[in-house]
Amino acid sequence: MKPTRAVLSRYFPDEVVRKIEERFNIKTLYPTQVAAVEKGVLDGKNIVLSAPTASGKTLVAELAALKHLLNGGKVLYLAPLRALASEKFKEFKEFFGEFGYRSVLSTGDYDTADPSLGKYDVIVTTNEKADSLLRHSAPWFPDVTLVIADEVHLLGSEKRGATLEVLLTRILLSEDPPQILGLSATIGNLEEVARWLNATPVSVEWRPVLLREGVYYDGTIFYADGASRSVEDVGSALANLVHDVLREEGQALVFSPTRRAASSDAKKLSVYTRKFLRDSERRHLKEAARKVLSSHADKLTNELAELMLHGVAFHHAGLSGDARETVEQLFREGFLKTVVATPTLAAGVNLPARRVIITDYRRYNVELGYHESIPVMEYKQMAGRAGRPQYDREGEAILIARNMEEVEFLFKRYVYSAPETLQSQLGSEPVLRAQVLAVISTESRIKTTEDLDRFLERTFFALKFGTFSLSTLSRKVLRRLVEGGLVELNGEALKPTFLGRRVAELYIDPETALEGLRFFNSTPASSELAYLFLVSKTPDMVTLSVRRSDYEFLETELENRKNEIPYQVPEDEIEYEFFLSYLKTALLLSDWINEVPEDVIVEKYDVGPGDIYSMTQTAEWIAYSLSQIADVTGHKEHSSRLGVLSKRIAHGVKEELLELVSLRGIGRVRARRLYEHGYKSLVDLILADERDLTRIPGIGPNLARSIKRQLGAVGEKEEENEEDYGPVEEGQLNLDSYL
DNA sequence: TTCTCAGAGATCTAGACAGCATGTC
DNA sequence: CTAGATCTCTGAGAA
């Protein structure tokens, strides 16, 4: 810890330092921040900073950014998750706003028009969004003088690592490369990653709250420091650990390996958590539960609401976004005593708790078909959530062992182990295929295979494995792209086709486009289900797994609607299962756009509202992209059908409601009600009496007024959008006020 | 005849980025 | 170093 002034006065004018000290009450700097400054973040040096969660990495980023802003620079901040991006955006808006600089957020689900991004000083995006913006040749990019890559260890992620790797490679190779600040969890090969980024590695282990790691077995917590603690036996191991910390007015964050385990653990714990609730807390929780249920009335949400009344909740991706946020907030405010989560919360938003409990170190891997131990890095991420900086003197991360030998094993495997080394994920063919197409399509400097090789030489993969294997693989990948008509290769000369460029811009997997083309070329304009099946079959779509109990209904549907599906039913058993899972996915989407209620879909397909949301969102994007691909390749009929379908998926409605649903505040349910009451078009609504509208259930006076206002302002709509407020919440309608 | 319950066998398993044009119940 | 919690089916015995 050092006085802020002592460290910063060299770099910032007095009034800036004063503002940091006084306005933000930062009187001293953490070791993390001191170390980063000493290694040269503020001197423009590339840095990869590895430090625990909550050890002050964000302030390092803010200081570095501020330095650039004061010099007239521009900052690009990359986050791996939308939720993280929007969390940082809020922080930055406040911090940089104080100095007169403007921040924007741009992610897939929340976007401002691209050109206007250039007006801002700090641009916050997800990695993929930044990549996409670059593919659309963001005109402001050359002005960026600092790139901050948060959670760079994502580089090692099988699914998404390559995007970040290629994005960073592009940045490294850009004409006038910006400073790079990488922020990372602890990794095994920090030096290597730093070397790749021309950066100085800075590793700090300091935390603002002491972390004690331990393993529990049979009534005792064994700590890494040799101490131990007896825990009162109230039931199971998990119950004991939770009860023990609640008794001392702490909170517990429990990690369970599956959704089912999370909700069943939460249920078992409710007996204990409820005892620690005060009346006022109980009332608050009741209100919150009511609110959660007002937007989703399905099985899963009901289960959650019921548990919330007892001071516990589960948290996983099946929950709707607002339910998840509610749980996070209630836990932060102390109303919920315990949250049981799947790994969503391990890498997502920071939700610290006095005691973190990891119930199982194994996780089932569907691809491998067996349980594997979770990586050390993931354990460290979960453990790092222990201890709330303002409230707890120390935090505890406890693994549960089932016998004495396992206690020892867990210490060795997790507590005392260093995290794994990061591996480049660029070496897999499908991954490289998409990236190579993107690079060829959008990097104007890449005109020959030699240029491509030179680019690939600069990747993290090449640093580690040399160029040879990558260039061999890239030739193979190129051949495939040429065959697919996405790239033209004349001798050494390399050029994207129009289609290829479009695929890169749409951000879809080249295989998705090729799958679409095969469909368009072999099938005349088709049924709704055919298109949905196509969307589901695409590698960009997440498909539902087929359960034993699904066979019956899937096979009947298949029998009845075989003629609607322009694909052969495969003989091969494994292929057949894939086929059924595409069918199941297509059927869910079909129910969705035919206005089957959400709670019915939840029951029928055994998914949560959050799953429906993410599936429909993905399907909408793919359907739109495929309609674009059809358009570009001259399949007009396919294109227009897919275009309509995409809109229907977005809103979950039949075609006849598309017009109504364009109104703000009107979704699938209210649109249907309006329709049933005879308001079938916007014109009907223009002619309608405002008071008559309020008689329709679900439409109150505020909403009725809003509808009329929107319709009256049709001609002035442009004006409304003209003024750019950035992604600010105030711009949103508060729908609660309609109810 | 119907219900209940124990035991055996079968089943199932985390997460979440992107386009484009505007906003759920 | 490791699969285990939950669902479903079946059949025996009770009501």
Side-chain angles (χ1 to χ4, degrees), chain A residues 79-83 85 107-111 113-114 125-133 135-136 154 157 159-160 163-164 255-262 264-265 293-297 316-318 320-322 341-348 360-366 369-374 378 402-403 405-406 409 413 502 505-509 540 542 545 547-549 597-598 606 609-611 613-615 617-618 620-625 627-628 646-647 650-652 661-671 673 698 703 710 717 720-721 731-733 735-736 738-739:
Chain A
L81 261 37
R82 292 173 187 169
T107 66
D109 63 347
Y110 202 101
D111 203 4
D114 295 2
T125 72
T126 52
N127 300 327
E128 282 77 4
K129 184 63 185 190
D131 186 25
S132 164
L133 289 168
R135 291 185 188 192
H136 291 269
L154 186 80
S157 144
K159 282 224 167 66
R160 296 173 55 205
T163 308
L164 180 57
F255 284 104
S256 291
T258 66
R259 291 180 179 189
R260 209 161 56 181
S264 101
D265 285 344
L293 280 178
S294 72
S295 54
H296 298 275
H316 60 63
S320 65
D322 51 324
T342 55
T344 9
L345 280 181
D360 202 335
Y361 67 96
R362 292 155 305 179
R363 187 158 50 239
Y364 187 83
N365 183 322
V366 183
Y370 55 80
H371 277 83
E372 51 184 357
S373 356
I374 58 170
E378 200 177 318
R402 284 163 303 168
N403 53 55
E405 296 82 72
E406 202 174 71
F409 166 74
R413 176 77 173 78
R502 202 67 195 108
E505 286 171 355
L506 290 165
Y507 218 83
I508 52 175
D509 189 320
D540 281 308
V542 205
S545 62
R547 305 231 175 56
R548 208 74 347 210
S549 52
E598 191 184 59
D606 194 22
D611 300 305
Y613 177 80
S614 72
M615 286 180 73
Q617 197 182 242
T618 305
E620 180 209 354
W621 160 57
I622 297 171
Y624 172 84
S625 299
S627 100
Q628 292 290 300
S646 158
K647 289 193 189 125
H651 297 103
V661 109
S662 70
L663 289 167
R664 260 176 297 143
I666 304 297
R668 64 200 302 247
V669 174
R670 286 178 182 146
R673 295 226 179 104
L703 186 52
Q710 290 179 58
K717 220 169 167 188
E720 241 177 88
N721 292 344
Q732 298 184 336
L733 282 178
L735 294 166
D736 278 346
Y738 295 148
L739 298 169

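Proteins get letters first, then strands, A, B, ... in listed order; numbering begins at 1 in each.
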Inset, instruction - Can you tell me the distance, in whole Å, between the NZ atom of A:Lys129 and the C1' atom of B:dA18? - result: 8 Å

Inset, instruction - Side-chain contact test, heavy atoms from C-beta onward, threshold under 4.5 Å: evaluate it for A:Asp322 versus A:His296 and give yes or no. - result: yes

Inset, instruction - Could you let me know what B:dT2 is paired to, Watson-Crick or G-U wobble, both distances under 3.5 Å, or none if it's on its own? - result: C:dA14

Inset, instruction - Among the candidates B:dT13, B:dA18, B:dA16, find the nucleotide nearest to the side-chain atoms of A:Arg160. - result: B:dA16

Inset, instruction - With heavy atoms under 4.0 Å as the rule, sort A:Leu663 into base, sugar-phosphate or nothing. - result: sugar-phosphate

Legend entry - Nearest to side-chain heavy atoms of A:Thr126, which nucleotide of B:dT13, B:dA18, B:dG15: B:dA18

Inset, instruction - Using Watson-Crick or G-U wobble geometry with both distances below 3.5 Å, tell me the partner of B:dA16, or none. - result: none

Inset, instruction - Assign A:Arg547 to base, sugar-phosphate, or nothing according to its heavy-atom contacts below 4.0 angstrom with the strands shown. - result: sugar-phosphate

Inset, instruction - Give a yes or no answer on whether the side chain of A:Arg670 reaches the backbone of A:Gly665 with a donor-acceptor pair at less than 3.5 Å. - result: yes

Legend entry - Donor + acceptor pair across side chains of A:Gln617, A:Tyr613 (<3.5 Å): yes

Inset, instruction - Send over the distance from A:Asp540 CG to B:dA18 P, rounded to a whole Å. - result: 13 Å

Legend entry - Distance-only donor-acceptor check, side chains A:Thr163 and A:Asp131, under 3.5 Å: no

Legend entry - Qualifying residues under salt bridge (Lys or Arg N to Asp or Glu O under 4.0 Å), relative to A:Asp540, sequence neighbours excluded: none

Inset, instruction - Using the closest heavy atom to pick a nucleotide of DNA chain B for each, name whichever of A:Leu506 or A:Thr344 lands nearer the 5' end. - result: A:Thr344

Legend entry - Gap between atoms CZ and P, on A:Arg260 and B:dA10 respectively (whole Å): 17 Å

Inset, instruction - Among the candidates B:dA18, B:dA16, B:dC12, find the nucleotide nearest to the side-chain atoms of A:Leu81. - result: B:dA16

Inset, instruction - Report the distance from atom CH2 of A:Trp621 to atom P of B:dA21, rounded to the nearest whole Å. - result: 16 Å

Inset, instruction - Please determine, for C:dC1, whether a Watson-Crick or G-U wobble partner exists with both distances under 3.5 Å, and give it or none. - result: none

Legend entry - Nucleotide B:dT24, atom P - distance to NZ of A:Lys647 in whole Å: 14 Å

Legend entry - Any A:Arg548 side-chain nitrogen or oxygen under 4.0 Å from OP1 or OP2 of C:dC7: no

Inset, instruction - Identify whether any heavy atom of A:Glu405 sits under 4.0 Å from a base atom; if not, whether one sits that close to sugar-phosphate; answer base, sugar-phosphate or nothing. - result: base

Legend entry - Heavy-atom donor-acceptor pair, A:Arg82 side chain to A:Gly108 backbone, under 3.5 Å: no

Legend entry - Options B:dC17, C:dT6, C:dA3, nucleotide nearest the side-chain atoms of A:Arg402: C:dA3

Legend entry - Closest to side chain of A:Thr342, choosing from C:dC1, B:dG23, B:dA14: B:dA14

Legend entry - Phosphate OP1/OP2 of B:dC17: any A:Arg82 side-chain N/O under 4.0 Å: yes

Legend entry - Candidates B:dT13, B:dG23, B:dG15 - which lies nearest the side chain of A:His316: B:dG15

Inset, instruction - Look at all strands and tell whether A:Ser295 reaches a base, only sugar-phosphate, or nothing, counting heavy atoms closer than 4.0 Å. - result: base

Legend entry - Euclidean distance, A:Thr344 OG1 relative to A:His316 NE2, rounded to 0.5 Å: 8.0 Å

Inset, instruction - Output yes when at least one side-chain N/O atom of A:Ser264 is less than 4.0 Å from OP1 or OP2 of C:dT6, else no. - result: yes

Inset, instruction - Could you tell me whether A:Val366 contacts a base, only the sugar-phosphate backbone, or nothing, with contacts defined as non-hydrogen atoms closer than 4.0 Å? - result: nothing

Legend entry - Which nucleotide in C:dA3, B:dG23, B:dA18 has an atom nearest any side-chain atom of A:Tyr364: C:dA3

Inset, instruction - Could you state the atom-to-atom distance from CD1 of A:Ile374 to P of C:dC1 in whole Å? - result: 16 Å

Inset, instruction - Would you state whether a donor and an acceptor, one from the side chain of A:Glu505 and one from the base of B:dG19, lie under 3.5 Å apart? - result: no

Inset, instruction - Respond yes when some side-chain nitrogen or oxygen of A:Arg259 is under 4.0 Å from OP1 or OP2 of B:dG15, and no when none is. - result: yes

Legend entry - Interatomic distance where CD belongs to A:Glu620 and C1' belongs to B:dG23 [whole Å]: 12 Å

Inset, instruction - Would you mind classifying the nucleic acid contact of A:His651 as base, sugar-phosphate or nothing, using non-hydrogen atoms under 4.0 angstrom? - result: sugar-phosphate

Inset, instruction - May I have the distance from A:Arg135 (atom CZ) to B:dA18 (atom C1'), rounded to whole angstrom? - result: 9 Å

Inset, instruction - Give A:Ser373 one of three labels, base, sugar-phosphate or nothing, depending on what nucleic acid heavy atoms sit under 4.0 Å from its own. - result: nothing

Inset, instruction - Classify the nucleic acid contact of A:Ser614 as base, sugar-phosphate or nothing, counting any heavy atom under 4.0 Å across all strands shown. - result: nothing

Inset, instruction - Could you measure between the two C1' atoms, the one in C:dA5 and the one in B:dA16, and give it in whole Å? - result: 26 Å

